[in-house]
Structures are given as C-alpha cells and as structure tokens.
Amino acid sequence: MNRIRIVMAPDQGDAGVIITAAELHSEWLVLNYISQVPQDELARGLVDGQPKRFDVTDDLGTEYEVNGASGGGEGAIRRMDVKLVPPVPSEAKYLRVTLATGVVVITL
C-alpha cells in the first residue's frame, strides 16, 4: 500500500518557480511547483513553464531522478507535479532542490 506524507516548502517570495510541497510516498517522491511564464515567452508561444533544470538531493546524499510529470495551467501560470525516484529514506532530515532560480531546502 502506498503511504503518503505531505511536507510544505518554505516561503520563496516572488521567485519565478515556487516549490509548494513535497509528497513523500512509500515508493517515490513528488515535487509540486508553480511557475510563471515570462510575458515574452507567452508572446512567442513558449508556454511550457517547466524549470530548465533542477536537481534534488537529501542530507544523506541520495540523488533523485525524474520518473514522470504532469501539470497544466492557464495564462502565464503553470502547475506541475514531478515524480522522482527513489523514495526518500526515513532517516533524511531535508531535501535540497536546486533550480536555475536558486536553492529551496525542505525540512522533513
């Protein structure tokens, strides 16, 4: 049976990409985020809204790999859920998400 624990991410102000939460499932990790697509990209029809690159690690040195994603949005706002593996070890104390826009540390 898949268990889940949801951990809210810290306030990130008005960053272009905001990690909202981490879903800790028994078999994977899901990061939820919201991004705002710059107006110039909207005008050119580039409305993907995903961060160009991100890395996820924890304090134990575990590296996570993307295993799926889903999302949507309207206008300039995009919401995404990115599934990563492996699951977060129960001994981990934090996740570090490194984006092009900065680093977000989620305390577990």
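In this chain, numbering begins with 1 at the start of the sequence shown.
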Using modelled atom types only, decide if a donor and an acceptor are shared between the side chain of [X] and the backbone of [Y] within a distance under 3.5 Å.
X     : Y      : result
Asp81 : Ser70  : no
Gln12 : Pro10  : yes
Arg5  : Leu108 : yes

What are the two closest non-hydrogen atoms of [X] and [Y], and how far apart are they?
X      : Y     : result
Tyr64  : Pro89 : OH-CD, 3.4 Å
Ile106 : Ala22 : CD1-CB, 4.2 Å
Ser26  : Pro87 : O-CB, 3.5 Å
Glu23  : Asn32 : OE2-ND2, 3.2 Å
Pro86  : Glu63 : CD-O, 3.5 Å

To the nearest 0.5 Å, what is the distance between [atom1] on [X] and [atom2] on [Y]?
X      : Y     : atom1 : atom2 : value
Met80  : Thr20 : CE    : OG1   : 12.0 Å
Thr101 : Phe54 : OG1   : CZ    : 11.5 Å
His25  : Ile4  : NE2   : CD1   : 3.5 Å
Leu31  : Leu84 : CG    : CG    : 5.5 Å
Glu65  : Lys83 : CD    : NZ    : 13.5 Å
Ile19  : Leu99 : CD1   : CG    : 5.0 Å

Shared ILVMFWY cluster between [X] and [Y], side chains joined below 4.5 angstrom?
X     : Y     : result
Val97 : Val66 : yes
Val85 : Val30 : yes
Val17 : Val7  : yes

Are the side chains of [X] and [Y] in touch, meaning some heavy atoms are under 4.5 Å apart?
X      : Y     : value
Val104 : Tyr33 : no
Leu29  : Val56 : yes
Leu60  : Glu91 : yes

task = Quick one: do Ile34 and Ile77 satisfy side-chain contact (heavy atoms from CB on, under 4.5 Å)? Show the steps, please.
result = CA-CA 7 Å; Ile34 297 172; Ile77 303 297; 3.7 Å; yes
task = Kindly write out the residues that satisfy side chain to side chain donor-acceptor pair (under 3.5 Å) with Thr62, not counting sequence neighbours, or none if the list is empty.
result =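 Thr62 satisfies side chain to side chain donor-acceptor pair (under 3.5 Å) with Asp58 only.
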request  = Kindly indicate, with the supporting measurements, whether the criterion side-chain contact (heavy atoms from CB on, under 4.5 Å) is fulfilled by Val103 and Arg96.
outcome  = CA-CA 7 Å; Val103 174; Arg96 177 183 302 271; 3.5 Å; yes
